**Student:** 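Pasting a structure below so you can have a look.
Both counts, for ligands and for their atoms, begin at 1 and track the order of listing. A quick note: this is a predicted structure, and the numbers were derived from the prediction, not measured.
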Amino acid sequence: MFDTIDKETDFIGVFDSGVGGISVLKCLAARLPKEDFLFYGDSANAPYGEKSEEQVQKLSLSLADRLLERGAKAIVIACNTATSAAAETIRARYPDIVVVGVEPAVKPAAMELSNGKVLVMATPMTLEREKYRLLASRFDEQASLIPLACPGLAARIEKGDLEGEDLKQMLEGFLRPYAGSVDGVVLGCTHYPFIRKQIAAILGDVPMFDGAEGTARELERRLKGEGLLTKRKKSGRIIFDSSRKEKEELALYERFYALPS
Ligand code: DGL
């Protein structure tokens, strides 16, 4: 399945710790429908958000190495956690490669909900890093940002069943204290757009913001700027690969690709 793409160089490598990045991939493919994408989920090592920064840097670098060895023309880090811990390191190793990351969509949320209360859900690592503090400090006068680390949530989504009672209970624990008191939510982990419905069941029909659209726009801008947009006329392909080699894993990725996010 992957041999076909290994011999090519006209594709974009996209990675995440697991299924979450598929919410970004969908947006990339919708914006750039002629491009080929190779999505690599590091599900054998998920979740990233509760590991050490060094571990996430090491794992992310080796995923970027692997995608570039296969011939990727650009890399998308479809993970807020890996972007905050490793984007600079990857860019330093590959200064001539287009490397685009994703960050919590604090800016669009603060613009749209000026003076409102915005819950920022993300992994513990994303919220602890300096990169988030800097981002939040640019917008915290515009809106009141409430960071909410959700340990265990990405790992639970990674299991695939999104209707389970245990997931509901976990979300109750994280979100119930904010029900009725926030004006919007930033989904600051790429796994979370798959559970919008479950979040809305607790917080109500509040606007939710994620970084996928911004990442897709930035990728298009960078590829255009570098003259790297594909010249192909036909529709591009989406190919999945995973560090968890069971074939059920790829079936799970394909199922997530078909889910609303
Ligand atoms: N999907 C990732 C993110 O956007 C990380 C989830 C995890 O592995 O902890 O942060």
Side-chain angles (χ1 to χ4, degrees), residues 13-28 39-64 75-90 99-106 108-109 119-133 135-136 147-160 162 167 170-171 174 185-196 198-199 208-216 218-219 240 242-244 249 252-253 256-257 259 261:
V14 182
F15 76 83
D16 179 36
S17 62
V19 295
I22 296 169
S23 64
V24 179
L25 175 68
K26 286 172 59 176
C27 226
L28 304 177
F39 177 85
Y40 194 96
D42 195 10
S43 295
N45 294 304
Y48 279 9
E50 293 135 61
K51 289 191 161 50
S52 74
E53 192 181 323
E54 291 69 31
Q55 280 173 309
V56 174
Q57 273 173 359
K58 208 168 151 208
L59 290 166
S60 305
L61 258 180
S62 85
L63 295 182
I75 297 286
V76 176
I77 310 171
C79 175
N80 294 266
T81 308
T83 300
S84 72
E88 279 172 28
T89 320
I90 295 173
V99 177
V100 176
V102 59
E103 65 177 20
V106 165
L119 195 61
V120 184
M121 296 173 69
T123 66
M125 188 184 300
T126 297
L127 295 174
E128 278 157 19
R129 299 262 312 159
E130 182 65 11
K131 192 171 164 65
Y132 175 74
R133 271 197 284 273
L135 176 70
L148 177 66
C150 302
L153 184 53
R156 175 58 190 79
I157 294 168
E158 196 66 19
K159 288 188 181 159
L162 303 181
L167 175 58
M170 184 184 256
L171 287 173
F174 288 132
V185 184
V186 171
L187 305 173
C189 165
T190 57
H191 282 66
Y192 304 166
F194 290 112
I195 54 162
R196 281 175 201 272
Q198 293 80 343
I199 294 171
M208 295 184 202
F209 303 84
D210 67 68
E213 201 56 59
T215 300
E218 177 64 4
L219 176 65
F240 292 106
S242 174
S243 55
R244 227 181 131 247
E249 195 63 25
L252 182 74
Y253 288 8
F256 267 69
Y257 194 77
L259 286 178
S261 62

**Student:** Do any nitrogen or oxygen atoms of G49 come within less than 3.5 Å of a nitrogen or oxygen of ligand 1?
**Tutor:** yes

**Student:** Heavy atom to atom 10 (O) of ligand 1, shortest distance: which of T81, T190, D16, L59 holds it?
**Tutor:** T81

**Student:** If you count the non-hydrogen atoms of other residues, nucleotides and ligands that lie under 6.0 Å from CD in E88, is the total more than 12?
**Tutor:** no

**Student:** Any nitrogen or oxygen of T123, side chain or backbone, less than 3.5 Å from one on ligand 1?
**Tutor:** no

**Student:** How long is the span from the CG atom in L162 to the CD1 atom in I195, to the nearest 0.5 Å?
**Tutor:** 7.5 Å

**Student:** Please list, in number order, the atoms of ligand 1 under 4.0 Å from a heavy atom of C189.
**Tutor:** 1 (N), 2 (C), 3 (C), 4 (O), 5 (C), 6 (C), 10 (O)

**Student:** Under a 3.5 Å threshold, yes or no: a donor from one side chain and an acceptor from the other, between E158 and S43?
**Tutor:** yes

**Student:** For M125, is there any backbone N or O sitting under 3.5 Å from a side-chain donor or acceptor partner on T81?
**Tutor:** no

**Student:** Among all protein heavy atoms, pick the one closest to atom 2 (C) of ligand 1 and tell me residue, atom and distance.
**Tutor:** C79 SG, 3.1 Å

**Student:** To the nearest 0.1 Å, how far is atom 7 (C) of ligand 1 from its closest protein heavy atom, and which atom is that?
**Tutor:** Y48 N, 3.3 Å

**Student:** Which of the numbered atoms in ligand 1 are under 4.0 angstrom from any heavy atom belonging to A154?
**Tutor:** 6 (C), 7 (C), 9 (O)

**Student:** Do S242 and E249 have side-chain N/O donor and acceptor atoms under 3.5 Å apart?
**Tutor:** no

**Student:** Can you measure from OH (Y132) to OG1 (T126) and round to the nearest 0.5 angstrom?
**Tutor:** 10.0 Å

**Student:** Is there side-chain contact between D42 and Y48, with at least one heavy-atom pair below 4.5 Å?
**Tutor:** yes

**Student:** Once you restrict to heavy atoms under 4.0 Å, what part of A46 touches ligand 1? Side chain, backbone, both or neither.
**Tutor:** neither

**Student:** What part of S17, side chain, backbone, both or neither, has a heavy atom within less than 4.0 angstrom of ligand 1?
**Tutor:** side chain

